[in-house]
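The structure appears below as structure tokens.
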Number of protein chains: 2
Amino acid sequence: MKINPADLNQVNVLKEAPLEDLNLLVEKSILRSVEEDSFYFFQGDPAKYAYILVTGRVKLVQSNPAGQQVNLRTIKQWEMFAALGAIRPDATYPVAAQALEPSSALAIESSLLREMMQTRPYLNFGLMQLMTGYIQEMQERYRELATEKVERRLALTILRLASQIGIKSQGQIELPLSQQDIAEASGSTIYTVSRTLSEWEKRGLIETGRGRIVMRNPHGLVEIAEGAESA
Amino acid sequence: MKINPADLNQVNVLKEAPLEDLNLLVEKSILRSVEEDSFYFFQGDPAKYAYILVTGRVKLVQSNPAGQQVNLRTIKQWEMFAALGAIRPDATYPVAAQALEPSSALAIESSLLREMMQTRPYLNFGLMQLMTGYIQEMQERYRELATEKVERRLALTILRLASQIGIKSQGQIELPLSQQDIAEASGSTIYTVSRTLSEWEKRGLIETGRGRIVMRNPHGLVEIAEGAESA
DNA sequence: ACTCTTCTTTGCTTAAGCGCAAATAACAGA
DNA sequence: TCTGTTATTTGCGCTTAAGCAAAGAAGAGT
């Protein structure tokens, strides 16, 4: 497959990049394809590349020593990920990147990115925007995990994921994620997720299927997220 | 009180700043003093200033709608805080900054910082280093909260705080924080914190006092943090 | 030295949700 | 269409730690 450099303007960080920079990036980078469930990199690997996702979906996960994992973020097309490694010269990835479906991504050498940052203000700004967004989101999620009960956290998680990677189909938003993914993203378990989603389905808020969730009544979810006690 | 511009080199982000920039910063900024328990700013205020803490200690807290709060970070002397607001022109503070003790900080206009970033690579780099550090820490803490039991999380929290704001006195590290603070930093409650610390004190790992914790046996804490089940 | 306030401790109760086990359902590939 | 695999559901028991209440301890200020 070939990448059209101009497409890279869809990447948030590269919104303001001149075409010659996009050409440079495509030329100097490698396109990696990764099959479902395989990894772009593992937690602890030297952070040699930053990536731009070209097709498919990827999740960033972090594991504890016992192997339990949490989903920190789900990446969709034309999102940049693993860019933080480019900041510190000898960094290792603090997370692993696993493909949720067959996918491909442009692998950019961290050193190239670092070099480009020296002379391109738009790149610095773009990366900082990305980072501040991450920080704020993580701070919120941390607070939610510390202070909110599971049901509300689940609603918040699903709403957040819907805005980040939701797919609109015939007026409804669909979330192509398994309950396992939801559990790992919300800091809960598949059992509790299943029970809660079933309950919501009965109430007509959502519709569930194997590996997907369709939002029937987003407003109802917002109400749960914001604190209406369930009857 | 007067600030000696040269002192600002102790600020991580400004390690490589030339003296003229430090002069500029001091000249264009205001020194704000804030008494114990008062706030530099509240969550949701327009992010008009970034700060450099000159004396005292400050905590960054985030509250949920019900008013429960979590401690996201404790700031010590010569640390920069609230710098993220400088990135996005119309940002509001996502956290509140409350003084843990009488303190003073240099208030730098966000717009000034933003201007300076245009032409000073060291500033961009310094801020990015700061941000990547935040992101990694928040990701870790999020994972800990999602996957670890309270005792281990408490050990991890205390070790982390010790490295960030611990005070060395006669060979031992002291943490000048109340149990309330620890609870809010670890995502637990004062009751559980009290019980756990008492237990640790019995085992000789720490020494507690009103508003402070002295680490007697850091290695023992590391063992708990890394997973040795308590006997 | 005394008082008031704030922080810490501890017993007790309880709710939330984890997690095993086993059944059922959905889908993929041949 | 059949079969094997993977995802979801549900009953049930159990653990963890939250949270109330009340007592005790440590400081701060006068």
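Computation of the quantities below employed the complete heavy-atom set of this structure, encompassing side-chain atoms and omitting hydrogens, waters and symmetry-equivalent molecules. Letters A, B, ... are given to chains in the order of the sequence lines, protein chains preceding strands, and every chain is numbered from 1. These numbers were taken from a predicted model, which means no experiment stands behind them.
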Nearest whole Å is fine: how far is [N] [atom2] from [X] [atom1]?
X: L154(B); N: dT16(D); atom1: CG; atom2: P; answer: 15 Å
X: D37(A); N: dT6(D); atom1: CG; atom2: P; answer: 10 Å
X: I182(A); N: dA7(D); atom1: CD1; atom2: C1'; answer: 13 Å
X: I190(A); N: dT9(D); atom1: CD1; atom2: C1'; answer: 10 Å
X: E199(A); N: dT9(D); atom1: CD; atom2: P; answer: 13 Å
X: I213(A); N: dT8(D); atom1: CD1; atom2: C1'; answer: 12 Å
X: Q179(A); N: dA26(C); atom1: CD; atom2: C1'; answer: 12 Å
X: L177(B); N: dT6(C); atom1: CG; atom2: P; answer: 19 Å

Distance only, no hydrogens: is a donor on one side chain within 3.5 Å (strictly under) of an acceptor on the other, for [X] and [Y]?
X: R32(A); Y: Y51(A); value: yes
X: Y40(B); Y: S103(B); value: yes
X: Q164(B); Y: E137(B); value: yes
X: N64(B); Y: E148(A); value: yes

Subject >> Whichever of K202(B) and E148(A) has its nearest DNA chain C nucleotide further upstream toward 5' >> reply: K202(B)

If only side-chain N and O atoms of [X] are considered, is one of them under 4.0 Å from the OP1 or OP2 phosphate oxygen of [N]?
X: S198(B); N: dT10(C); value: yes
X: S194(B); N: dT8(C); value: no
X: T208(A); N: dT9(D); value: yes
X: T189(A); N: dG19(C); value: no
X: S188(B); N: dA18(D); value: yes
X: T192(A); N: dG17(C); value: no

Subject >> Nearest atoms (heavy-atom pairs only) where M215(A) meets A162(A) >> reply: SD-CB, 3.6 Å

Subject >> Non-hydrogen atoms of M80(A) and I52(A) that approach each other most closely >> reply: CG-CG1, 4.2 Å

Original post:
Between R203(B) and E223(B), is there a salt bridge with N-O shorter than 4.0 Å?
Top reply: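 No, this pair does not count.
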
Subject >> Contact nearer the 5' end of DNA chain D, comparing S178(A) with K149(A) >> reply: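 In this pair, the answer is S178(A).
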
Original post:
In terms of the nearest nucleotide of DNA chain D, which residue is placed more toward the 5' end: Q180(A) or R212(B)?
Top reply: Q180(A)

Name each donor-acceptor pair under 3.5 Å that joins a side chain in residues 181-190 of chain A to protein atoms two or more places apart or in another chain, with its distance.
unit_1: D181(A); atom_1: OD1; unit_2: K59(A); atom_2: NZ; d: 3.0
unit_1: D181(A); atom_1: OD2; unit_2: S178(A); atom_2: N; d: 3.3
unit_1: D181(A); atom_1: OD2; unit_2: S178(A); atom_2: OG; d: 3.2
unit_1: S186(A); atom_1: OG; unit_2: I182(A); atom_2: O; d: 3.0
unit_1: S186(A); atom_1: OG; unit_2: A183(A); atom_2: O; d: 3.4
unit_1: T189(A); atom_1: OG1; unit_2: T192(A); atom_2: N; d: 3.3
unit_1: T189(A); atom_1: OG1; unit_2: T192(A); atom_2: OG1; d: 3.3

Identify which nucleotide among [options] has an atom closest to any side-chain atom of [X], counting heavy atoms from C-beta outward.
X: V150(B); options: dA17(D), dT10(C), dA7(D); result: dA17(D)
X: R195(B); options: dG19(D), dT10(D), dT8(C); result: dG19(D)
X: Y191(B); options: dA21(D), dG19(C), dG27(D); result: dA21(D)

Original post:
Is there a donor and acceptor pair, one atom on the side chain of R210(A) and one on the base of dA7(D), closer than 3.5 Å?
Top reply: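 In this structure, the two groups form no donor-acceptor pair.
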
Subject >> Axis-to-axis angle between the two ends of the helix from dA1(C)-dT30(D) to dA30(C)-dT1(D) (five base pairs per end, rounded to 10 degrees) >> reply: 60°

